[in-house]
Amino acid sequence: MKKIGEIGWVEKDVQKCGPLDAICRPLALAPCTSDIHTVYEGAVGERTDMILGHEAVGQVVEVGSLVKDFKPGDKVIVPAITPDWGSLEAQRGFAMHSNGPLGGWKFSNFKDGVFAELFHVNEADANLAFLPKGMDPAEASMISDMVPTGFHGVENAEVAFGEDVLVIGIGPVGLMAVKGTSLRGAARILAVGTRPNCVALAKEYGATDIISYKDGPIDQQVRELTNGKGVDKVIIAGGTVDTFAEAVKCVKPGGIVSNVNYLGSGEFIKIPRIEWIVGMGHIRIVGGLMPSGRMRTERLANLMMNGRIDVSGMLTHKFEGLDSVEEGIQLMREKPKDLIKPVITINY
Ligand code: NDP
Ligand code: ZN
């Protein structure tokens with residue numbers, strides 16, 4: 001990111017490897033919708049000559065003197081969020097907000113990201129995860145961000161057996177929310193989106209009903225499909241600040257609206273007074289940045305290794321070589337109809 005609205009290549013020194021840190025080279029990289037919010041909406045503010053990217057599988061090339069578990073040559077999954085694990089926020093259970101709101105989101109936010117020949121990872125033992133033997137790096141790169149973010153929407157929604165759940169947005173994040181909702185044992189999963197291959201994959205992942213936000217208000221369609229009852233939980237993985245109004249209108253008393261969408265613009269989110277049951281409906285609204293760390297990341301990899309999640313259908317555009325990152329970012333920006341997720345592999 002050269003500045004808001006402009007990308008290009010820049011030559012930079014590699015950050016020094018501290019005693020707890022690692023330097024890695026990329027094996028697979030994926031541009032994210034968040035990179036687009038950052039560059040083209042200026043959502044985190046101005047950044048000059050900052051390296052983008054936070055979704056990577058890599059190979060360790062150097063470790064600090066105090067790193068115990070990783071060594072040069074190890075293949076690793078690099079989570080998008082790399083917290084400071086000794087912080088007070090981490091001790092409270094919110095490592096993603098270590099040393100300040102969203103403080104664990106360092107790559108491509110307030111530190112150089114992974115779209116580089118070499119990148120730096122803080123607290124390697126806590127933040128890196130081993131790439132299981134035989135796992136395809138391109139598929140594993142979905143464990144950096146898409147799987148943990150979609151699944152976090154499900155965790156925050158506290159999805160329980162037999163519930164009816166609405167997932168708004170079925171890009172890669174929403175698709176993983178659909179899959180996670182299905183794994184958690186929901187009965188009915190209503191999914192909102194229009195891109196045909198996203199719709200097809202949502203059905204494969206367990207969606208029972210598809211709603212197009214272009215066919216009228218989502219809440220009206222949900223009420224029609226549920227005999228006026230609404231759903232137990234809503235997970236938001238797309239839309240805008242206005243989407244909350246529709247989401248709240250869909251949920252039953254005692255329900256949860258769980259947001260993982262990055263609200264890159266707009267001043268306020270909208271909560272409708274009547275449908276929020278005049279403030280007394282026990283309808284919770286929660287939003288969260290993905291949790292990370294070695295333990296969680298290796299668990300998600302374990303799900304993939306055992307065939308519980310198959311992300312292969314999401315990787316619609318595959319490239320080879322670091323230079324292709326630029327094309328990947330442009331694709332993410334333009335979102336052609338057949339795109340779900342671009343991924344770039346690098347062979348040495
Ligand atoms: P995509 O752009 O690929 O998908 C967005 C989805 O929302 C699509 O299905 C789209 O439909 C749908 N949509 C668009 N407009 C509306 C609307 N008005 N009402 C309802 N649905 C709508 O995004 P990603 O899946 O890549 O990412 C989703 C969000 O998650 C992004 O904001 C991203 O920045 C954020 N994110 C958050 C993270 C976290 O930790 N919380 C981490 C990573 C990403 P259509 O099929 O028509 O395109
Ligand atoms: Zn991302």
Side-chain angles (χ1 to χ4, degrees), residues 29-41 43-44 52-56 78-81 96-97 102 104-105 107-109 113-115 141-156 166-179 190-202 207 210-219 221-222 234-247 250 258-266 286-292 314 316-317 328-329 331-343:
L29 297 169
C32 178
T33 304
S34 303
D35 291 312
I36 303 306
H37 291 304
T38 301
V39 180
Y40 296 104
E41 288 176 19
V44 296
L52 290 166
H54 51 259
E55 302 183 13
V78 185
I81 305 303
M96 67 289 276
H97 303 296
L102 310 181
W105 176 24
F107 287 133
S108 68
N109 184 4
V114 297
F115 295 165
S141 69
M142 296 300 102
I143 301 173
S144 284
D145 189 352
M146 299 298 96
V147 179
T149 297
F151 278 31
H152 193 46
V154 180
E155 290 166 327
N156 278 344
L166 172 69
V167 179
I168 301 180
I170 45 170
V173 172
L175 284 168
M176 286 298 98
V178 169
K179 181 65 198 179
L190 300 87
V192 181
T194 67
R195 279 178 276 159
N197 54 3
C198 292
V199 167
L201 206 49
I210 302 292
I211 292 170
S212 166
Y213 59 94
K214 294 176 181 166
D215 290 348
I218 296 168
D219 53 288
Q221 299 187 62
V222 167
V234 182
I235 300 166
I236 304 180
T240 65
V241 287
D242 298 327
T243 308
F244 287 81
E246 292 183 279
C250 295
S258 162
N259 179 77
V260 285
N261 196 22
Y262 175 167
L263 297 167
S265 53
V286 55
L289 179 68
M290 60 164 266
S292 56
M314 297 209 299
T316 51
H317 292 62
I329 293 174
L331 274 171
M332 252 353 220
R333 184 184 185 191
E334 289 152 18
K335 295 262 159 79
K337 282 236 169 310
D338 61 341
L339 177 90
I340 301 183
K341 192 82 181 175
V343 64

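Model, not experiment: these values are computed from the prediction. Just follow the structure's listing: the first ligand is 1, and inside any ligand the first atom is 1.
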Ligand 1 versus E246: contacting region, heavy-atom distance under 4.0 Å: neither
Close side-chain approach of Y262 to T149, heavy-atom, < 4.5 Å: no
Distance in Å, Y213 OH paired with D215 CG, rounded so as to fall on 0.5 Å steps: 10.5 Å
Stepwise side-chain contact (heavy atoms from CB on, under 4.5 Å) test for V199 and T194: CA-CA 6 Å; V199 167; T194 67; 5.7 Å; no
Closest approach to the Zn ion (ligand 2) by D145, given as the N, O or S atom name: OD2
Nearest-contact summary for atom 39 (C) of ligand 1 - protein heavy atom, Å: T149 CG2, 3.4 Å
Protein heavy atom at shortest distance from atom 40 (O) of ligand 1: M290 N, 3.1 Å
Non-hydrogen atoms of G193 and I170 that approach each other most closely: CA-CG1, 3.6 Å
Per-residue contact class, L289 against ligand 1 - non-hydrogen pairs under 4.0 Å: both
Polar side-chain atom of N261 near backbone of G239 as donor-acceptor pair, under 3.5 Å: yes
Ligand-side contact atoms (ligand 1) for residue partner Y262, heavy atom cut-off under 4.0 Å: 32 (O), 33 (C), 34 (O), 35 (C)
Nearest heavy-atom neighbours spanning S141 and V343: OG-CG2, 3.6 Å
Polar side-chain atom of S144 near backbone of A56 as donor-acceptor pair, under 3.5 Å: yes
Minimum-distance protein heavy atom relative to atom 43 (C) of ligand 1: D145 OD1, 3.1 Å
Identity of the nearest option to atom 47 (O) of ligand 1, non-hydrogen atoms only, from T194, N156, L263, T243: T194
Distance in Å, R195 CZ paired with L201 CG, rounded so as to fall on 0.5 Å steps: 11.5 Å
Contact with ligand 1 for A80, non-hydrogen, under 4.0 angstrom: no
Part of I340 with heavy atoms under 4.0 Å of ligand 1, whether side chain, backbone, both or neither: neither
Verdict with reasoning, L339 to M332, per side-chain contact (heavy atoms from CB on, under 4.5 Å): CA-CA 8 Å; L339 177 90; M332 252 353 220; 3.9 Å; yes
Option set G174, A237, P217, criterion heavy-atom distance to atom 5 (C) of ligand 1, minimum: A237
Side-chain donor/acceptor of S292 to backbone N/O of I81, under 3.5 Å: yes
Ligand 1 atoms in contact with I168 (distance to a heavy atom under 4.0 Å): 20 (C), 21 (N)
CG on D145 to CE on M176, rounded to 0.5 Å: 12.0 Å
Nearest-neighbour protein heavy atom for atom 30 (O) of ligand 1, which is reported as residue plus atom name and distance: V260 O, 3.6 Å
Sub-4.0 Å heavy-atom approach of N261 to ligand 1: yes
Proximal atoms of ligand 1 relative to G288 (non-hydrogen, under 4.0 Å): 41 (N)
Rounded distance [0.5 Å steps], NZ in K341 versus SG in C198: 11.5 Å
Identity of the nearest option to atom 3 (O) of ligand 1, non-hydrogen atoms only, from R195, H37, K341, K214: R195
Nearest protein heavy atom with distance in Å, relative to atom 44 (C) of ligand 1: S34 OG, 3.4 Å
N or O pair under 3.5 Å between I170 and ligand 1: yes
Protein contact to atom 26 (O) of ligand 1 [nearest heavy atom, distance to 0.1 Å]: T33 OG1, 2.5 Å
N/O/S atom of E55 inside 2.8 Å of the Zn ion (ligand 2), strictly under: yes
Taking atom 25 (O) of ligand 1 as the reference point, the nearest protein heavy atom with its distance: V173 N, 3.0 Å
Contacting atoms of ligand 1, where contact means under 4.0 angstrom from a heavy atom of G193: 11 (O), 46 (O)
Whether E246 side chain and I218 backbone form a donor-acceptor pair below 3.5 Å: yes
Rounded distance [0.5 Å steps], CG in L331 versus CD1 in I340: 13.0 Å
Shortest protein contact, atom 18 (N) of ligand 1 (heavy atom only): Y213 CD1, 3.8 Å
P172 touching ligand 1 at heavy-atom level, < 4.0 angstrom: yes
